Amino acid sequence: MKPTRTRFAPSPTGFLHVGGVRTALFAWLVARQSGGQFILRIEDTDQAREVQGSAEHIQKSLKWLGLDWDEGPEAGDEHSPYFQSQRLDTYKDWAQKLVDSGRAYADPYSPEELQEFREHAKAAKKPFLFREHRPENPPAWDGSQPLRLKSEPKNYDWHDEVMGDLHAGSETIDDFILVKSDGFPTYNFAHIVDDYAMQITHVIRSQEFLASVPKYLNLYETLEIERPLLATVPFVMGPDGKKKLSKRDGAKDILDYAKEGYLPEALLNFMATLGWNDGTEQEIFSRDELIAKFSLDRVQKSGAEFDEQRLLWTNGHFIRQLPRDDLFEKVVSFWPPEAVDFDDEYKKRVLALVQERLKYFAELPELTSFFFKDLPVNAELWQDHKQLKKLSSEELRSLLGQSKVSLEQSDFSLEDLTKRLNDLLEAANQKPAVLFSLIRIATTQAPASPGLADTLAVLGKETSLRRIDTMLAAF
RNA sequence: GGCCCCUUCGUCUAGUGGCCCAGGAUAUCUGGUUCUCAUCCAGAAGAUCGCGGGUUCGAAUCCCGCAGGGGUCACCA
């Protein structure tokens, strides 16, 4: 059996978002699970749409996710080059073969004439077919005109690894353009030639190409090359649930997720389970499990809506699973600016308290700022508090003062703090909802924080008492 | 308009004739975990399986029709 070879073939017209990367992920998984190869090919045949630097940007995105390629830019060169713009000779050779055998011809029409044909077809409510205007005596192809395939309309039945058995009538076969008048091949032509040259065994691509597959089947036959297995992956849908996710409705650059502190494993898991599952109730898969369990025939045929909430939950789950030291390393660039004055030991203790609260690393400053600086006194915190607002300023001051006296005696170990806080509860005859809230607000000035004893232990005696004094003066 | 694909809780999904008056996860809500937020635990609510026929003792599952959504009909990929 031939080794499995899959490819991801983006055009360098911008960044990659979840939709595009998921297709790459599926192709990568298929290659990895069979011990085959994953190839990255850059389809830069449209010079007008090309965006400088995006080929590099795309590579960076794949690398971040750990979707490594065996051949392609900066990798194996067995079938190089991997930029289509550098493979023009190959396309020219194949094109010439077709011209010589009478299976391709020069398109003599002007853009205006073509446009007129199209409008006629539209007015007649019929699909536009170029072959209905196939010229009787086309001029010799000198490279200045587009070159079209002389198609052979017929019916096709084929199998798609995701969609199942498919059928299309001959009316879908047309004389599409192989080589544009600028000398560059179209996607429709170049990808078939390259997939063959690079010995791709599985073509895994997004759904927008499904309607073109019969044309490709026709071209495979004309070229007399054996076609690879075909797999069509449904769209990732945008927030409306109807149209495919696009940059227009806010689809993010996958590298933005890196910047915001998402974990590659979480993204991978999220994308894989967006339209795929293994038939069990398992929700979380490691990278290796994904590789072992993925299969194209269990990929959903319908589109799946991108659900930000689910991504957040997945990422939080992976963060919670991370060993503390790993998390500490990953989070280094996300601390609030004031944290530079604190040592690693202190930051690790803070991190331990917020690990289970983090959904993504960029939340870190918001969750931990009071560990690194005194926040201004915020009267709303007790004035709007449903227990504390029942007490007068005098009562609050007295209660907090009483707490201070006890805390001054503490060594601020977790054990001692816990004991003292409990004793205080009894001595003051107060509920935790009152006393703990008051101390928590005084020492953090934040609407939310980790548990009180934990927080005080990390803040330390000096800081805690200083903040209590500040609060005492504010009533 | 032609052709093609799709249609199960808000969302991701399980389900291939009886175990399903539909299971899990997430999101939401409630309760518990000495205070807040989060985690965790327990629970609630949430899908007449797009609609209509048919086959069958029995259908989310098979057949037919319809509707809705999407894609495609580029010298873009």
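Just so you know, these numbers use all the heavy atoms, side chains as well, and skip hydrogens, waters and symmetry mates. Please read these numbers as outputs of a predicted model, since none were measured by experiment.
Across the protein-nucleic acid pair, A:D307 atom CG and B:U28 atom P stand 11 Å apart, rounded to whole Å. With rounding to whole Å, A:I192 atom CD1 is found 13 Å from B:A77 atom P. Going from atom CD of A:E308 over to atom P of B:C12 covers 14 Å, rounded to whole Å. Following rounding to the nearest Å, A:N378 (CG) and B:U36 (P) show an atom-to-atom distance of 18 Å. What separates NZ of A:K359 from C1' of B:U39 is a distance of 8 Å, to the nearest Å. Between A:D46 atom CG and B:C76 atom P there is a gap of 5 Å when expressed in whole angstrom units. In this structure, the CG atom of A:L312 is 19 Å from the P atom of B:A25, given to the nearest Å. Atom-to-atom, CD1 of A:I439 to P of B:U34 comes out at 16 Å; the value is rounded to the nearest Å.
Figure legend. B:G17 is base-paired to no nucleotide; pairs are counted as Watson-Crick or G-U wobble with both atom distances under 3.5 Å. Using N1 to N3 plus N6-O4 or O6-N4 for Watson-Crick, or N1-O2 and O6-N3 for G-U wobble, each under 3.5 Å, B:U72 pairs with B:G2. Both distances falling under 3.5 Å, in either a Watson-Crick or a G-U wobble arrangement, place B:U30 opposite B:A42. With a 3.5 Å ceiling on both atom-pair distances, B:G58 lacks any Watson-Crick or G-U wobble partner. Using Watson-Crick or G-U wobble geometry with both donor-acceptor distances under 3.5 Å, B:U7 finds its partner in B:A67.
Checking B:A77, B:U34, B:C37 against the side-chain heavy atoms of A:P432 singles out B:U34 as nearest. The side chain of A:S11 sits closest to B:A77 out of B:U34, B:A74, B:A77. Comparing B:A74, B:A77, B:C35 by their closest approach to the side chain of A:F128 singles out B:A74. With B:C75, B:U34, B:A77 as the candidates, the nucleotide lying closest to the side chain of A:S212 is B:A77. Set against B:U39, B:G70, B:C37, the side chain of A:A448 has B:C37 as its closest nucleotide. Picking from B:A25, B:U11, B:C75 the nucleotide with the shortest atom distance to the side chain of A:W313 gives B:A25.
One finds no side-chain N or O of A:R310 lying less than 4.0 angstrom from the OP1 or OP2 phosphate oxygen of B:G24. Close to B:G15, at under 4.0 Å from its OP1 or OP2, lies a side-chain N or O of A:R298. Look at A:R49 and you won't find any side-chain N or O under 4.0 angstrom from OP1 or OP2 of B:A77. Note on A:N277: a side-chain N or O is less than 4.0 Å away from OP1 or OP2 of B:A14. For A:R148, a side-chain nitrogen or oxygen approaches OP1 or OP2 of B:C75 to under 4.0 Å. At the phosphate of B:G68, neither OP1 nor OP2 sits under 4.0 Å from any side-chain N or O atom of A:K242. Residue A:R440 has no polar side-chain atom (N or O) positioned under 4.0 Å from OP1 or OP2 of B:C37.
Taken to the nearest 0.5 Å, the CG atom of A:N218 stands 7.0 Å off from the NZ atom of A:K154. In this structure, CG on A:L414 lies 9.5 Å from CG on A:L456, to the nearest 0.5 angstrom. Taking CG of A:L435 as the reference point, atom CG of A:L425 lies at 5.5 Å (rounded to 0.5 Å). Expressed to the nearest 0.5 Å, how far NZ of A:K92 lies from CG of A:L178 amounts to 14.0 Å.
Across B:G23 and B:G68, the matching P atoms stand 31 Å from one another, rounded to whole Å. Comparing the P positions of B:G10 and B:C62 gives a spacing of 23 Å, expressed to the nearest Å. Separation of the P atoms belonging to B:C6 and B:A44 is 36 Å when rounded to the nearest angstrom. Straight-line distance between the P atoms of B:G17 and B:G54: roughly 22 Å, to the nearest whole Å. Only the P atoms considered, B:A25 is 44 Å distant from B:C3, to the nearest whole Å. Straight-line distance between the C1' atoms of B:U26 and B:U16: roughly 26 Å, to the nearest whole Å. B:G52 and B:U11 have their C1' atoms separated by 28 Å, with the value rounded to a whole Å. B:A22 and B:G65 have their P atoms separated by 31 Å, given to the nearest Å.
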Contact state string [nucleotides 2-8 of chain B, B base, S sugar-phosphate only, - no protein heavy atom under 4.0 Å]: BSSSSS-
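Under the side-chain contact (heavy atoms from CB on, under 4.5 Å) criterion, A:K347 pairs with A:F328, A:W335, A:A339, A:D344, A:F372, sequence neighbours left out.
Remark: A:E161 does not engage A:R298 in a salt bridge, criterion side-chain N to carboxylate O under 4.0 Å. A salt bridge does not link A:R357 to A:E363: none of the charged side-chain nitrogens sits closer than 4.0 Å to a carboxylate oxygen. Salt bridge status for A:D416 with A:R420: present, with a side-chain N to carboxylate O gap under 4.0 Å.
A:K122 comes within 4.0 angstrom of nothing in the nucleic acid, heavy atoms only. A:L274 comes within 4.0 angstrom of the backbone, heavy atoms only, and of no base. Using a 4.0 Å heavy-atom distance criterion, A:N422 is classed as a base contact. Counting non-hydrogen atoms under 4.0 angstrom, A:F306 reaches nothing in the nucleic acid. Contact annotation for A:P10: no contact, since no heavy-atom pair falls under 4.0 Å across all strands. Residue-level contact check: A:T314 touches neither bases nor backbone, having no heavy atom under 4.0 Å from any strand. A:G275 comes within 4.0 angstrom of the backbone, heavy atoms only, and of no base. Contact annotation for A:E283: base contact, defined as any heavy-atom pair under 4.0 Å involving a base atom. A:R205 comes within 4.0 angstrom of no nucleic acid atom, judged by non-hydrogen atoms across all strands.
With hydrogens and angles ignored, no donor-acceptor pair under 3.5 angstrom links the side chain of A:T186 to the base of B:C75.
Remark: aromatic rings of A:Y257 and A:Y360 are distant, center separation not under 6.0 Å.
In this structure, A:T280 and A:K419 both approach RNA chain B, and ranking their closest nucleotides by distance from the 5' end singles out A:T280.
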Verdict with reasoning, A:E260 to A:K252, per salt bridge (Lys or Arg N to Asp or Glu O under 4.0 Å): CA-CA 11 Å; A:E260 290 173 18; A:K252 269 198 267 190; 3.1 Å; yes
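Heavy-atom minimum distance, A:F128 versus A:D174: O-OD2, 4.1 Å.
Using modelled atom types, one finds a donor on one side chain and an acceptor on the other under 3.5 Å when comparing A:S206 with A:E208.
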